[in-house]
There are 6 protein chains.
Amino acid sequence: MTKAVYPGSFDPVTNGHLDIAVRAASLFDELIVAVYDAPPKHLLFTTDQRVELMRQALGHLPNVKIGFFTGLIVDYAHKVGARAIVRGLRMSSDFEHEFEMALMNKNLAPDVEVVCLMTAVDFQFLSSSLLKEVAQLGGSISNLVPKHVAAALKKKYSLPEESVSRKGG
Amino acid sequence: MTKAVYPGSFDPVTNGHLDIAVRAASLFDELIVAVYDAPPKHLLFTTDQRVELMRQALGHLPNVKIGFFTGLIVDYAHKVGARAIVRGLRMSSDFEHEFEMALMNKNLAPDVEVVCLMTAVDFQFLSSSLLKEVAQLGGSISNLVPKHVAAALKKKYSLPEESVSRKGG
Amino acid sequence: MTKAVYPGSFDPVTNGHLDIAVRAASLFDELIVAVYDAPPKHLLFTTDQRVELMRQALGHLPNVKIGFFTGLIVDYAHKVGARAIVRGLRMSSDFEHEFEMALMNKNLAPDVEVVCLMTAVDFQFLSSSLLKEVAQLGGSISNLVPKHVAAALKKKYSLPEESVSRKGG
Amino acid sequence: MTKAVYPGSFDPVTNGHLDIAVRAASLFDELIVAVYDAPPKHLLFTTDQRVELMRQALGHLPNVKIGFFTGLIVDYAHKVGARAIVRGLRMSSDFEHEFEMALMNKNLAPDVEVVCLMTAVDFQFLSSSLLKEVAQLGGSISNLVPKHVAAALKKKYSLPEESVSRKGG
Amino acid sequence: MTKAVYPGSFDPVTNGHLDIAVRAASLFDELIVAVYDAPPKHLLFTTDQRVELMRQALGHLPNVKIGFFTGLIVDYAHKVGARAIVRGLRMSSDFEHEFEMALMNKNLAPDVEVVCLMTAVDFQFLSSSLLKEVAQLGGSISNLVPKHVAAALKKKYSLPEESVSRKGG
Amino acid sequence: MTKAVYPGSFDPVTNGHLDIAVRAASLFDELIVAVYDAPPKHLLFTTDQRVELMRQALGHLPNVKIGFFTGLIVDYAHKVGARAIVRGLRMSSDFEHEFEMALMNKNLAPDVEVVCLMTAVDFQFLSSSLLKEVAQLGGSISNLVPKHVAAALKKKYSLPEESVSRKGG
């Protein structure tokens, strides 16, 4: 039985992440989607919120669990008994950085494999950071995230902070 | 009649930007150089200053206008009736990021085209950020920007802030 | 008035090429799609066939003409009075080679601009060579080329040459 | 149960290929190493020889089988019931081409996943073509391939064809 | 006699930097390893500490000196009489940025050459920033830096600041 | 004393190659420009012609010698006592392939260094193969090669073979 972990910030989860998670779940016996519990300063959503948005999106899949982690991902993989770390690659990924991290992980934990899946063509241009930039500036994101994520983004950006954004040209 | 918009931070405008603007102006009936009205924290010049430096550089071209914008560039293109967004590419551009933005723009506004021109060979190594780094450290930039921009940079970097920079090795 | 030329081998034309041609035709007053009249040894279709397949695909556009050329593309641009050469870029393009050619063209003909458009997301993975490889091995290509091109490919690959291809595993 | 196929020319198999195969075999229930049965003109070893060299290298692994295929790899995956196609990436891989093929495969067979593993750091510079070039010119390859492959290469290059190679400077 | 300078932040020096320095020292008559005296806000070690860590690592090499600099590296090269600036490239380097800087340096000081060496295969995945990230999260770095650097890192990360890092998943 | 070798096909030598050779000659005590004595089928000029064109271009430099080699470049470096192999990089170089070769050479001969210089900005778009393509199609190459090379190219392309090239569009 092979257990895999799919780590990320997921701030917030996009349709691109879901595409990878669903496909990874079909390849491995169990998939743990692991939200990185990073300090909140550079993130839009809290760890709890990011876990919850993910749960609403993937909770229906029987062999998928949602967790969170801090520290090294290879330590987390060891803790949960995962032998594979799933990464979703887009053409616009920084492959060199992906390699750097994968080879460093191999140096730290030779028994854990980094497994890369390629994001579907429709989501090649979709990153969480670009998504947030567009959402903040009022662009339509309805075909890029699940409905509950679009609602969460809308709520975030209609708070007073919105006053810094978009006043027209 | 095709109207195009050439957006950027232009902090400050370089000879590379001017090369792209002049060439774009020869291809389209009207070119609007659109200075991004971003929050000033990460910029050296104010929006007004960046617009003015551009105006001095390009004001003599009959089919070029200088504007500024906030929000999504595709919204600005719609507002001014532009069907093309001009981007200047250098070999050292982050092509993947360019693609990501272009495909996102296409998703937001299918009727607007991103049109890329390739920067002339002499300006391949010239970015605004590298220019500022060199200017701040006292390097010669006379062949990289128009005279009035060189003067503006000199003035910026001889203010008290200069005290943080270049004290020799 | 700006005339542009869109050169290529188009062996054969794909939906990706058509996407670029239609968009370029909307930006410029006149677009000449120029089929490269190369020696036939490495091509599947003759120059006449490639021109004809293109004509069936684009003949309905009022400001598009189909031509062919040999020699340098900048010489052809001069001959037909075009000031822009259109290139369609995909994320999987060899950008460095594109730059090399564009800068060489600039060296040969400073008055002609290379203008790059970015291929739509659905056709990012589509090149003529990969298309032919798939068609020859019996894969479905119906969503990648116009119907008349699919028919032409089918005809090519059911000729005796087919004997070299696909015999199962 | 997940079955995976690891396709390639393997002309000949290197330690880099074996690294990928062993790691893939630990992730999936069954791994079929599939030698591409291509026309021999551009290959050094026949299909039979390449299968045999692979068998000697991997025959001891209980969940690994060696096969060969022609035609589309997705058709072969369907035939043998594999849901994953394994690719070994090196930093010097042509990622764009990998993506092009993966997205084309997804277009042809949405139910088959391309799964990429990253080659170990020691084999990052090792490709079959560079290996053959070095072997033909008399360079040492003993740490790059299994012994029986080194012997097979030595035999190939000491045949009369050797007369084209290495005569000193 | 050719003198070369090898500049960097070296925050801290890694086995990859040492590999480059030793090889550069074998090519040139004298090598000056020049620590960049940058404002400390984004650095872990002070300039004095970084110089001292380097001195312990390389002090035994007769033709290597350790220095520090601020301002433009080409100005420093002129000051110390160096005709070459050594850069260590990894596959995961940002080549475009390296080129940008090299061409800018050439514009500033045509008499100074940028000379690139390629990092050994074992250190391809090793950058100072990734090293610090791993060290801070408690991963083993013993095969990536000299012993005295490992000790210095350990000391830094066991200070009160550690309270922000690694609390398990 | 450091001796370096600068290998290449030089078919024919361009101003870009000369730029690298002159700069390498200023860094090392002796530079041997080594023409690769490859089978002539894919080359325009014979080994003798390529050596002679190089000699006319660089014969005036006191510390430069012109040679030729077959086999592995590291074996040639050993034979002539060179400790460095010079490579000229352009932004459009295939860096990954450069790395692959450099790491393979390191594996074959750990005592020889690959040293990369970056081609001057004016020659970034200039490769021998693109040069030949342009020359064959009648484009001007006068600012890309020395006069005697331009003359040699003209002579080659006015032989009967010219009949395959440039007949207009």
Side-chain angles (χ1 to χ4, degrees), chain A residues 11-12 14-17 19-20 41-42 87-100 116 118-146 149-150 153-154 157-158 160-169, chain B residues 3-10 32-43 47-48 50-51 54 65-82 85 87 89 92-114 116:
Chain A
D11 182 48
T14 68
N15 286 345
H17 298 135
D19 169 59
I20 293 295
K41 55 186 162 180
H42 295 305
R87 298 285 302 170
L89 295 184
R90 295 179 300 126
M91 276 201 197
S92 56
S93 293
D94 183 341
F95 291 107
E96 284 72 21
H97 184 62
E98 289 289 329
F99 252 102
E100 206 173 279
C116 299
M118 281 158 173
T119 299
V121 72
D122 287 346
F123 308 125
Q124 285 290 332
F125 60 93
L126 176 56
S127 67
S128 286
S129 56
L130 189 53
L131 174 82
K132 284 181 281 189
E133 196 181 321
V134 169
Q136 186 174 12
L137 297 174
S140 165
I141 55 163
S142 58
N143 61 341
L144 305 177
V145 291
V149 174
L153 277 167
K154 197 170 180 179
Y157 287 123
S158 52
E161 294 90 278
E162 190 211 34
S163 58
V164 265
S165 81
R166 202 185 195 200
K167 298 181 204 102
Chain B
K3 200 184 277 193
V5 60
Y6 175 34
S9 294
F10 305 117
I32 299 167
V33 180
V35 174
Y36 185 50
D37 183 21
K41 54 185 163 181
H42 295 305
L43 296 176
T47 300
D48 281 354
R50 290 178 285 138
V51 166
M54 190 62 91
K65 289 182 184 166
I66 320 291
F68 64 95
F69 75 107
T70 62
L72 294 169
I73 183 61
V74 289
D75 288 345
Y76 182 75
H78 281 157
K79 201 180 91 173
V80 299
I85 295 172
R87 298 286 301 170
L89 296 183
S92 55
S93 294
D94 182 342
F95 290 106
E96 285 72 21
H97 184 62
E98 290 288 328
F99 252 102
E100 205 172 279
M101 288 195 304
L103 294 177
M104 179 60 92
N105 282 338
K106 201 77 191 171
N107 187 56
L108 292 166
D111 58 325
V112 177
E113 293 296 331
V114 172
C116 299

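In what follows, every heavy atom counts, from backbone to side chain, and hydrogens, waters and symmetry copies are set aside. Order of the sequence lines fixes the chain letters, A, B, ..., with proteins taken first and strands second; residue numbering starts at 1 for each chain. Remember, it's a predicted structure, so these values are computed and weren't measured experimentally.
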Item to complete: Would you please name every residue forming a side chain to side chain donor-acceptor pair (under 3.5 Å) with B:Lys3, sequence neighbours left out?
Response: none

Rounded to the nearest 0.5 Å, how far apart are [atom1] of [X] and [atom2] of [Y]?
| X | Y | atom1 | atom2 | answer |
| --- | --- | --- | --- | --- |
| B:Asp75 | A:Leu137 | CG | CG | 8.5 Å |
| B:Met104 | A:Gln124 | CE | CD | 12.5 Å |
| B:His97 | A:Phe125 | NE2 | CZ | 14.0 Å |

Item to complete: For the pair B:Glu100 and A:Arg90, find out whether any cationic side-chain nitrogen is under 4.0 Å from an anionic carboxylate oxygen.
Response: yes

Worksheet item: So does B:His78 have more than 12 non-hydrogen atoms from other groups sitting under 6.0 Å from NE2?
Response: yes

Discussion item. If you compare all heavy atoms of A:Val134 against all heavy atoms of B:Leu108, which two are closest, and at what distance to 0.1 Å?
Written reply: CG1-CD2, 3.8 Å

Worksheet item: Among B:Val74, B:Val80, B:Asn107, which residue forms the greatest number of heavy-atom pairs with chain A at distances under 4.5 Å?
Response: B:Asn107

Worksheet item: With only heavy atoms counted, which part of A:Leu144 is less than 4.5 Å from chain B, the side chain, the backbone, both or neither?
Response: side chain

